[in-house]
Protein chains: 2
Amino acid sequence: MEKQTVTIYDVAREAAVSMATVSRVVNGNPNVKPATRKKVLEVIDRLDYRPNAVARGLASKKTTTVGVIIPDVTNEYFASLARGIDDIAMMYKYNIILTNSDENGGKEVQVLNTLMAKQVDGIIFMGNQVTPELRDEFKRSKAPIVLAGSVDAEKSQPSVNIDYVAAVAEAVKNLIDHGNQKIAFVSGPMDEAINHDYRLKGYKKALKDAGLSYDDKLIFETDYTYKAGQALEPALMAAGATAAFVGDDELAAGVMNGLTDANVDVPGEFEVITSNDTKLTELVRPKMSSITQPLYDIGAVAMRLLTKLMNNEAVDENTVILPYGLMKRSSTK
Amino acid sequence: MEKQTVTIYDVAREAAVSMATVSRVVNGNPNVKPATRKKVLEVIDRLDYRPNAVARGLASKKTTTVGVIIPDVTNEYFASLARGIDDIAMMYKYNIILTNSDENGGKEVQVLNTLMAKQVDGIIFMGNQVTPELRDEFKRSKAPIVLAGSVDAEKSQPSVNIDYVAAVAEAVKNLIDHGNQKIAFVSGPMDEAINHDYRLKGYKKALKDAGLSYDDKLIFETDYTYKAGQALEPALMAAGATAAFVGDDELAAGVMNGLTDANVDVPGEFEVITSNDTKLTELVRPKMSSITQPLYDIGAVAMRLLTKLMNNEAVDENTVILPYGLMKRSSTK
DNA sequence: CTTTGATGTGAAAGCGTTTTCACACTTGCG
DNA sequence: CGCAAGTGTGAAAACGCTTTCACATCAAAG
């Protein structure tokens, strides 16, 4: 009752040719006489032969599979990147092994190792923090690795991103231009490079450019959840802030709803601008103004870059920076 | 410069034992003298040997990889299931090959085939429609397949779901109990079994139980997008509906915001209840009442069921039904 | 005709494991 | 002391494919 598997050998026998020839027609090698090709193809069809990708992988040392490490699929931002990655991967006939890392360094290292054991041809890493241990593992890998929507302070790997510093600076400048003097900076954990090394830098730059002084009390470090944002309202008010830049959309939705629920008018009394321009920004009321990022494209371009790396094609630039924008909706004046 | 790979053979030579023995210690086979085991382990460590999963897969005919077919990772509902799937998979040492199908029958069949070519040990399918072609492919598979959060009218495969008919009936009854006589049924494509065979059935049941008559004009078939929902407002009003059951959260958010933007008070003048209880329900204002589903668990249980199937363990019930609930928030009275 | 350079094909050696089978050694027991 | 019943180990055969290399074959060129 166990389903029988048809091998390349069966096809060869039935078609009265060698395995090598069958392999050639399966792989589209042109060195096969049309008549032979036809004969083989017929047998393949008749026997319903399907090449075994595992055997293929072992023999050719290519698995046409790439590993993708994602903090959490449930997060709109990363899910959007993942979608871009998968589409391009499919276009180039690669499959994706997807694993959630929860931004947990230990798990990341472990996952990376199993991906390498599975002989993936390449890896795309998403995550806000590249620990030294992780960097070491990266170096050990013989499969190329590219970072998508994720920064590594040391730029040890190819990556595709937007210019976070400039984007945040522009967003904050916008708030300043509206007359806000006390602008809160709300972000996830500060030990993540993206927060302390990029976003905060942009924030400070905007302040400095406008001649405003930096105040610790306006920095709110929390985690990336709706609830956390919602709970921030009293603190925000106490600090006298009249606007906030927020590093994550779900968090921002929380901040905004927290304010609104406490009868603080957004944007009248308090302006909010967020970072990722996910669908979410359109669903909440007021709709949120946001830095816009080409989410899907970040993933797509990362994957495209990876395909080049896997084929040893020349790439002009290892670090690609995609354009960002600013979308004014109703959470700012 | 190409990184050298250490094979089981290298380890065997260095440790002065046979490959078989190395294989045994790597696989935790007890038939190895402790002294030998220790010796081998040391060499493994020294050489930094990592077993090649592809070779392993070929020899053992097990890849410890399962395929997951998902309509779109970007969809909160399915992403939540996927998260449950991945967690349990990881717990049982499986990896996930994830592919987006866009609910496109052709793509689904194709994807299924490449998964089978990759010799996955099992498959989890998510999608609202199991076409006959797909069902045929399922039958052809030697890897077990389970449906997660997805129905097949013919129950041809193991699956885990909630009782959609009862859930929808209860939700609609709730609306009826609030005095609504004209309740709209808003769903995605009606050719999907989940809509015409389950949700609609539940809707009709509730109507019938309450002695209300069914009216075609209150059925709104559209696609699962925010925009589509938003655009529905005029039609809803024209039909004289005073409440709606909606089959998808994003769609529901659209419906609700469309109403609100047209100055229809929700829930005062119009009640809305949705289906999936994703995070989204809490982000919009008013918060949406919803059928609650154990999203993560549906994925988790499906994966757990699959592990049993893959190990040929006995399973008492192929079709598992998880409990649902009703969460009253502010979009209903 | 011969020579030459494609062009088409097959034999066989891997790829890095697992697994079967046989065999040598220990034990414990009557 | 002899024997049955484990233990522990190694040789070698798969697993299903790709790829190298050598060898035919054949058409065109001399």
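All values below were derived from every heavy atom in this structure, side-chain atoms included, with hydrogens, water molecules and symmetry-related copies excluded. Order of the sequence lines fixes the chain letters, A, B, ..., with proteins taken first and strands second; residue numbering starts at 1 for each chain.
- Judged purely by atom type and a 3.5 angstrom limit, Asp86(A) uses its side chain to pair as donor or acceptor with the backbone of Asn100(B).
- Phosphate contact (OP1/OP2 of dT19(C), side-chain N/O of Lys61(B), threshold under 4.0 Å): absent.
- Side-chain polar atoms of Ser156(A) and Lys139(A) form no donor-acceptor pair below 3.5 angstrom.
- In this structure a side-chain-to-backbone donor-acceptor pair under 3.5 Å is present from Arg135(B) to Val130(B).
- Atom CZ in Arg56(B) sits about 18 Å away from atom P in dG16(D), given to the nearest Å.
- In this model, the phosphate group of dG8(C) is not approached by any side-chain N or O of Thr36(A) to a distance below 4.0 Å at OP1 or OP2.
- Residues that satisfy the salt bridge (Lys or Arg N to Asp or Glu O under 4.0 Å) test with Glu137(A), not counting sequence neighbours, are Arg140(A).
- What you find for Ile124(B) and Ala148(B) is that their closest heavy atoms are CG2-CB, 3.9 Å.
- Taking atom NZ on Lys62(A) and atom P on dT18(D), their separation rounds to 14 Å, with Å as the unit.
- One finds no side-chain N or O of Lys33(B) lying less than 4.0 angstrom from the OP1 or OP2 phosphate oxygen of dT26(C).
- A sub-4.0 Å separation between OP1 or OP2 of dG16(C) and a side-chain N or O of Thr5(B) is present.
- Tested against Ser23(A) for a side chain to side chain contact (heavy atoms under 4.5 Å, CB included), the candidates Asn27(A), Thr21(A), Val25(A) yield a single pass: Asn27(A).
- We find that CG of Asn52(B) is positioned 7 Å from P of dG16(C), with the value rounded to whole Å.
- Using a 4.0 Å heavy-atom criterion, one finds that Arg37(B) contacts no nucleic acid atom at all.
- In this structure, the nucleotide among dT17(C), dG16(D), dT18(D) sitting nearest to the side chain of Tyr49(B) is dT17(C).
- Within residues 7-32 of chain B, the residues that have a heavy atom under 4.0 Å from DNA chain C are, in order of number, Thr7(B), Ile8(B), Met19(B), Ala20(B), Ser23(B), Arg24(B), Asn27(B).
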